Amino acid sequence: MEAAQAGAVERKQITPSKEKKEHALATRSGSKRRQEAARRKPGNSLMEPAETLRDYHRLMVRIRVFEGLSMRAFRSGLAGGYLHVYNGMEGTAVGWLSCVREGDPIIAAYRDHGYALILGMDPVDVMAEIMGRARGVSRGKGGSMHLYSAEHSFYGGWAIVGGHTAMGVGLAFATKYRGGDEVTHLFFGDGAANAGVLYESMNMASLWDLPVVFILENNEIAMGTRLEYHAADTHMHNRAEGFNIEHERIDGMNVLHVRKDALRIIDHVRKTQRPYFVEIMSFRFEGHGAADHDRSLYRSKEEEKEAGKRDPILLLEQYMLETGVMIEGDIKVVWKDVEQEMERAYKEAADMPKPEPHEVYENVYTDILPEEGH
Amino acid sequence: MEAAQAGAVERKQITPSKEKKEHALATRSGSKRRQEAARRKPGNSLMEPAETLRDYHRLMVRIRVFEGLSMRAFRSGLAGGYLHVYNGMEGTAVGWLSCVREGDPIIAAYRDHGYALILGMDPVDVMAEIMGRARGVSRGKGGSMHLYSAEHSFYGGWAIVGGHTAMGVGLAFATKYRGGDEVTHLFFGDGAANAGVLYESMNMASLWDLPVVFILENNEIAMGTRLEYHAADTHMHNRAEGFNIEHERIDGMNVLHVRKDALRIIDHVRKTQRPYFVEIMSFRFEGHGAADHDRSLYRSKEEEKEAGKRDPILLLEQYMLETGVMIEGDIKVVWKDVEQEMERAYKEAADMPKPEPHEVYENVYTDILPEEGH
Amino acid sequence: MTITYRDAIRQALIEEMDRDENVFLIGEDIGRYQGTFRVTQNLYEKYGARRVVDTPITEPGIVGVAMGAALRGLRPVVEMMTMSFSILAMDQIINHVAKMHYMSGGQFHVPMVIRGPGGAAHQLSAQHSHSMEGWFAHVPGLKVVAPSTPADAYGLLKTAIRDDSPVIFTENPSLYAVKGEVPSGVDYADATLPPGSGDESASSDDFTVPFGKAAIRKEGTDISLIGYSRMAHVCMDAAEELENEGVSAEVVDVRSLSPLDSSTIFASVKKTNRAVVIYEDWRFGGFGAEIAAKIQENCFDFLDAPVGRVGGLNVPMPYARNLELLCIPSKDDLLAKAREVLG
Amino acid sequence: MTITYRDAIRQALIEEMDRDENVFLIGEDIGRYQGTFRVTQNLYEKYGARRVVDTPITEPGIVGVAMGAALRGLRPVVEMMTMSFSILAMDQIINHVAKMHYMSGGQFHVPMVIRGPGGAAHQLSAQHSHSMEGWFAHVPGLKVVAPSTPADAYGLLKTAIRDDSPVIFTENPSLYAVKGEVPSGVDYADATLPPGSGDESASSDDFTVPFGKAAIRKEGTDISLIGYSRMAHVCMDAAEELENEGVSAEVVDVRSLSPLDSSTIFASVKKTNRAVVIYEDWRFGGFGAEIAAKIQENCFDFLDAPVGRVGGLNVPMPYARNLELLCIPSKDDLLAKAREVLG
Ligand SMILES: Cc1ncc(C[n+]2csc(CCOP(=O)(O)OP(=O)(O)O)c2C)c(N)n1
Ligand SMILES: Cc1ncc(C[n+]2csc(CCOP(=O)(O)OP(=O)(O)O)c2C)c(N)n1
Ligand SMILES: [Mg+2]
Ligand SMILES: [Mg+2]
């Protein structure tokens with residue numbers, strides 16, 4: 001962040017002149033229809049090198065295994081509070097973040113272990129945070145829902161549903177102010193997409209031509225409320241239409257599809273320096289959080305079984321097996337490797353010291369301590 | 001309100017079944033295009049009786065004259081605070097409210113003198129409120145921005161921009177709960193249409209099939225900020241699209257056009273018991289409020305002159321002259337009559353006593369007094 | 001009957017919904033999902049989607065919609081999934097719900113209850129651990145209660161639902177499992193029966209707890225320990241320990257923050273001549289300051305020592321359990337302050 | 001130079017914008033419309049739309065956007081058209097702005113200022129007359145200042161903009177026209193010049209006012225009158241009248257609510273042995289309770305009488321001018337309380 005603070009600053013009008021807006025409008029008319037057509041194009045034309053596919057696979061497996069252990073930490077009392085795993089949604093973050101340029105700001109909600117690992121944060125530090133240890137990424141003060149990394153331009157990790165969306169637009173505002181060409185990647189859920197502040201944010205992003213991608217991770221459920229019970233139009237990307245923001249819905253279960261779409265969209269946003277709204281469809285295999293066990297309250301076993309066939313890890317494994325990138329044995333090795341890595345991280349984190357009592361007063365302000373004592 | 005409270009209650013599911021929703025979706029597809037076509041239909045086919053036209057005219061003149069006097073009250077220190085006149089927008093409220101059924105809930109923002117007069121509230125009581133008198137409609141506690149009338153189902157009169165929109169949806173919620181067929185009329189401005197809570201409200205209204213008309217009074221300005229500087233898409237009704245709400249833009253300068261559209265829309269909503277979003281285009285001739293005099297900060301004299309030609313009162317007068325409903329002399333008589341009526345109201349209100357000191361503690365709670373004293 | 005604090009709340013909801021068709025519940029995940037803290041368990045099955053309304057995640061919208069419904073004669077009971085989220089609805093609550101009765105010169109009133117768990121639980125971190133009751137008690141037009149026992153939860157909630165003014169009803173998540181005696185003729189088992197099948201007459205001899213009345217939980221002569229919600233229990237625990245040391249502590253459970261029962265508080269302090277006020281919210285600028293300020297204003301000549309205050313540490317709630325425990329006022333913190341005040 | 005409170009604020013904005021390219025202004029109607037209270041007059045012409053950003057009416061969004069910008073190294077100064085509207089942005093301010101530094105274990109900080117007129121003006125009614133500073137002072141992570149003079153407005157705003165923690169800066173609308181001496185090398189007339197044409201060196205010997213320091217506005221020996229923002233002036237007026245009666249009142253202008261300069265307040269009370277705290281916000285549960293509670297905790301043995309409090313009436317602000325005047329604490333209210341405390 002300090003680096004960003006020191007960045008060069010150019011004078012540039014933020015609010016576009018009326019002429020410019022009207023031109024923009026003209027070129028974007030019919031965009032929706034074009035996108036619908038594009039979406040219907042058959043097949044996946046990606047020709048990723050084998051190594052890359054293996055990387056995506058390993059990344060997804062790392063998240064899956066890490067989060068299994070985070071649940072173990074919760075059950076065994078090493079973690080507390082609210083803890084949400086990304087199980088079933090790994091394709092979204094791996095596909096998308098594989099296309100992000102270094103230095104691009106990223107911000108997300110509380111289901112955030114996946115982004116952290118993909119961005120390169122040390123699993124030990126992340127697990128330490130989940131266990132409330134002094135060496136946790138947020139020094140034990142944030143917990144599972146509040147992971148941050150200035151080094152990786154990862155701005156959290158937020159637990160108020162929808163609350164971080166305006167902040168995401170603000171990250172892009174700074175890009176515009178400075179005259180940079182970063183793209184901000186703003187992740188939020190389908191439940192969050194009902195929060196009013198999102199609309200305030202979309203309006204500003206579009207009005208001021210800010211380079212931000214609104215990434216709606218639609219797993220068709222918000223805690224225990226199914227999409228059809230919380231959204232008047234279940235195609236939630238349509239909500240960007242009235243704000244003159246290009247929008248579309250894509251599939252999030254196939255990491256290669258996500259990657260292909262992400263490459264196109266991010267490139268477009270970097271070029272146009274305009275916002276974009278993408279709705280990525282996925283499925284949350286686990287309960288809402290570690291404490292939510294009764295999934296039967298909102299869906300059937302069949303539904304889960306059906307969705308299980310589209311498990312993003314499974315899909316990629318099938319694809320790699322079909323295309324000969326890996327054989328069964330290779331896959332097993334990956335899982336085994338990762339399990340060992342993560343078990344080590346788990347143990348290491350569990351052995352770390354808790355924060356010292358005096359730390360409770362640190363970081364309230366940048367320079368002073370708050371009034372102490374009860 | 002007490003009457004409403006005593007009303008019969010029927011058991012009825014509020015949340016529509018999934019099947020019902022899908023059916024509704026199907027019948028509404030393409031609604032937008034149909035509306036665009038309807039809007040382009042030439043001419044005004046209304047055949048209102050002459051007496052009715054004269055009524056609309058008088059109503060508009062009454063608002064215009066009353067509000068001129070409210071400005072006088074402000075300038076002479078009889079009124080204070082924020083006071084906003086409706087000058088140029090009378091066609092909207094008169095046209096719309098002429099189609100409202102008795103008992104239909106109505107709610108609006110702070111530019112609210114017009115609704116109050118149209119609904120039949122006594123100008124003396126309204127002026128008394130503006131002057132902070134004990135006999136004011138809100139007993140002097142609300143002021144210009146907070147007019148209310150339980151008798152006329154007028155729920156205010158609200159000064160937090162956008163803040164009353166959810167409440168409007170709640171009024172319609174009660175209709176659904178009780179199984180009535182009232183339609184709620186929810187007025188708000190173009191500036192208010194950026195407030196997040198509106199989107200939360202639209203989603204619920206559509207999700208739950210609530211009979212409410214979102215009436216966006218677009219005078220293309222929010223205080224000193226022009227439409228193009230505050231709205232990413234200046235056709236703000238498009239914002240209803242993503243919530244599966246029928247929407248359209250209509251002209252608000254011709255009271256007869258407004259009436260025609262209102263009749264159609266309100267009838268439709270009463271029948272379908274579904275929300276609707278209408279954007280009514282108008283022009284605010286005066287400054288934002290009584291204290292805003294420098295209109296040159298946001299628009300030119302030419303613009304105002306041009307708009308002046310579409311003054312809703314002028315347009316109706318021209319129409320009546322052309323069609324022989326009135327002659328010049330008749331019109332003069334109306335203005336004179338109304339001026340006399342309103343001058344009397346002004347004087348009467350100005351002579352009224354202020355609230356008694358003890359009233360300051362009344363109506364904080366329904367049953368107890370707050371802790372008294374400084 | 002002996003039931004939990006959670007069941008006492010549900011029982012009050014059931015009885016009031018059965019008594020008055022205009023009472024309905026609205027909130028996030030309260031219906032099909034049975035409520036995040038299971039307070040509304042089975043109510044969706046019992047009353048259906050019309051009267052147990054699941055909403056999108058839109059706190060300002062929910063409060064606004066409930067208010068509009070209240071203006072038409074309904075009596076909404078809003079569940080805030082946690083009271084922390086009421087911060088998002090602050091404008092709706094402060095500017096609209098609390099003020100309409102006044103601004104309309106008494107023409108309209110807003111009979112609604114906003115209830116939900118408030119205060120820290122177990123490592124919910126900085127955004128989910130707020131004590132909001134002090135904020136709301138500061139706002140004219142709102143009544144605010146914070147029950148500590150199942151009986152009070154039951155009795156105060158019934159009073160709240162019948163009140164024609166808006167009421168903030170805060171529950172401490174750590175209290176949900178606490179059991180206690182609740183006087184009521186209606187059997188809790190009703191919860192699973194269809195509407196109308198309960199014994200209607202049972203609600204005639206029903207039990208409510210009035211607003212504006214503090215409860216003396218334990219009489220004493222040497223010091224007054226004053227708290228509400230979970231802190232009332234901390235006061236009881238501390239009083240017990242003081243008793244063992246030969247100090248007779250009186251425990252005042254404030255229960256109702258607004259209106260506040262000052263006279264009971266003052267009478268206690270005038271008797272004991274010493275007082276400590278405890279509250280879970282951040283100490284600096286928290287509601288305990290009001291109680292302390294009031295006591296010294298009104299009992300100055302009776303005080304043998306300054307009124308002590310114990311509050312939460314002035315920091316956002318940290319996640320790590322050891323730090324979190326440092327933040328929440330404990331029996332030991334209260335004892336330390338009490339001993340200081342005792343001299 | 002002698003300038004108004006309003007011009008002092010603008011002057012500070014200009015100097016900080018000239019000093020640091022990362023400082024920008026954002027808010028409703030602050031640019032082309034010149035600001036509702038004209039605080040930002042001419043700044044749009046001077047700095048352009050990039051650095052004086054007119055926004056839609058979306059307070060939560062504005063605060064959130066500003067925060068995001070701050071995280072990337074900018075230093076936003078948000079204007080709340082009136083501080084009453086900060087209620088809409090409460091979640092953004094409390095849950096996000098105030099807490100990120102803590103929740104991220106110090107990785108990120110949020111250097112931003114939220115400023116605007118707070119308190120009652122003239123018949124703005126119930127939704128536009130809030131005193132919010134006490135609410136914010138209660139929140140760990142926010143610094144809160146409330147200047148009463150042009151010099152403080154100028155000096156505290158410069159400190160606020162340079163602070164790396166978020167700052168709530170509240171201005172009382174009735175003070176905008178108040179004039180006073182402001183020590184500064186830069187001439188206010190610069191406001192109309194294009195950027196860069198001012199005397200750059202002038203800002204090197206600039207003047208700032210530190211946070212956490214109260215100001216003794218008048219020394220006295222018999223009673224301490226403690227207030228901030230416009231109420232500091234009410235204290236001065238009352239002190240003058242008391243002087244005529246032979247009572248020597250000391251006036252403490254709190255200036256900075258958080259961090260609070262307790263030691264200056266305590267020192268004053270230990271000298272005078274009597275105190276009255278005055279604040280415009282609703283008395284019940286307002287910030288003055290914190291000051292009063294603190295004084296009795298720390299100066300108990302020095303007090304000859306209870307600490308008096310004077311606050312706003314506990315009602316939504318009524319519109320009628322005669323009722324409004326009843327609500328806002330006045331010199332007479334303060335005198336009455338002071339006389340009571342003086343015995
Ligand atoms: C403002 C607010 N209201 C309610 C909650 C409680 N809550 C936490 S997560 C959640 C569901 C969010 O669903 P979604 O946005 O779809 O994200 P997902 O959990 O599916 O990733 C809810 C209701 C909250 N944290 N914040
Ligand atoms: C939440 C909030 N922010 C700002 C204001 C100040 N304000 C009052 S009216 C207004 C403009 C609203 O414009 P619009 O909704 O278009 O209504 P119009 O005045 O044109 O009728 C503003 C910014 C307010 N009252 N409430
Ligand atoms: Mg979801
Ligand atoms: Mg407008």
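All values below were derived from every heavy atom in this structure, side-chain atoms included, with hydrogens, water molecules and symmetry-related copies excluded. Naming: A, B, ... by sequence-line order, numbering from 1 per chain. The structure presented is a predicted model; accordingly, all values stated were derived computationally and were not measured.
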### Message
Looking only at side-chain N and O atoms, does D:S165 offer a donor or acceptor that is under 3.5 Å from a partner on A:T366?
### Response
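Their side chains do contain a donor-acceptor pair, which is all the 3.5 Å distance test asks for.
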#### Entry: Modelled atom types, side-chain donor and acceptor of A:Y177 and D:R51, under 3.5 Å
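Per modelled atom types, A:Y177 and D:R51 side chains form a pair under 3.5 Å.
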### Query
With respect to chain A, which residue among D:A69, D:G212, D:P259, D:A98 yields the maximal number of heavy-atom pairs within a distance under 4.5 Å?
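The answer is D:A69.
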#### Entry: Contacts with chain D made by residues 113-133 of chain A (heavy-atom distance under 4.5 Å), listed by residue number
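Residues qualifying by a heavy atom under 4.5 Å from chain D are absent, so none.
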### Task
Check the pair A:I107 / D:L71 against side-chain contact (heavy atoms from CB on, under 4.5 Å), numbers first and verdict last.
CA-CA 11 Å; A:I107 185 167; D:L71 293 176; 5.7 Å; no
### Query
Would you call D:K294 and A:E371 a salt bridge, using N to O less than 4.0 angstrom?
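Salt bridge: yes.
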### Task
Using non-hydrogen atoms and a 4.5 Å limit, figure out which bit of A:V360 sits close to chain D: side chain, backbone, both or neither.
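Interface part for A:V360: both.
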Distance (rounded to the nearest 0.5 Å) between [X] [atom1] and [Y] [atom2]:
X      : Y      : atom1 : atom2 : answer
D:Q107 : A:Y155 : CD    : OH    : 10.5 Å
A:S138 : D:F108 : OG    : CZ    : 9.5 Å
D:S258 : A:Y365 : OG    : OH    : 3.5 Å
A:I160 : D:I94  : CD1   : CD1   : 10.5 Å

Under 3.5 Å, side-chain donor or acceptor atoms of residues 166-174 of chain A against the rest of the protein: list the pairs with distances, not counting sequence neighbours.
none

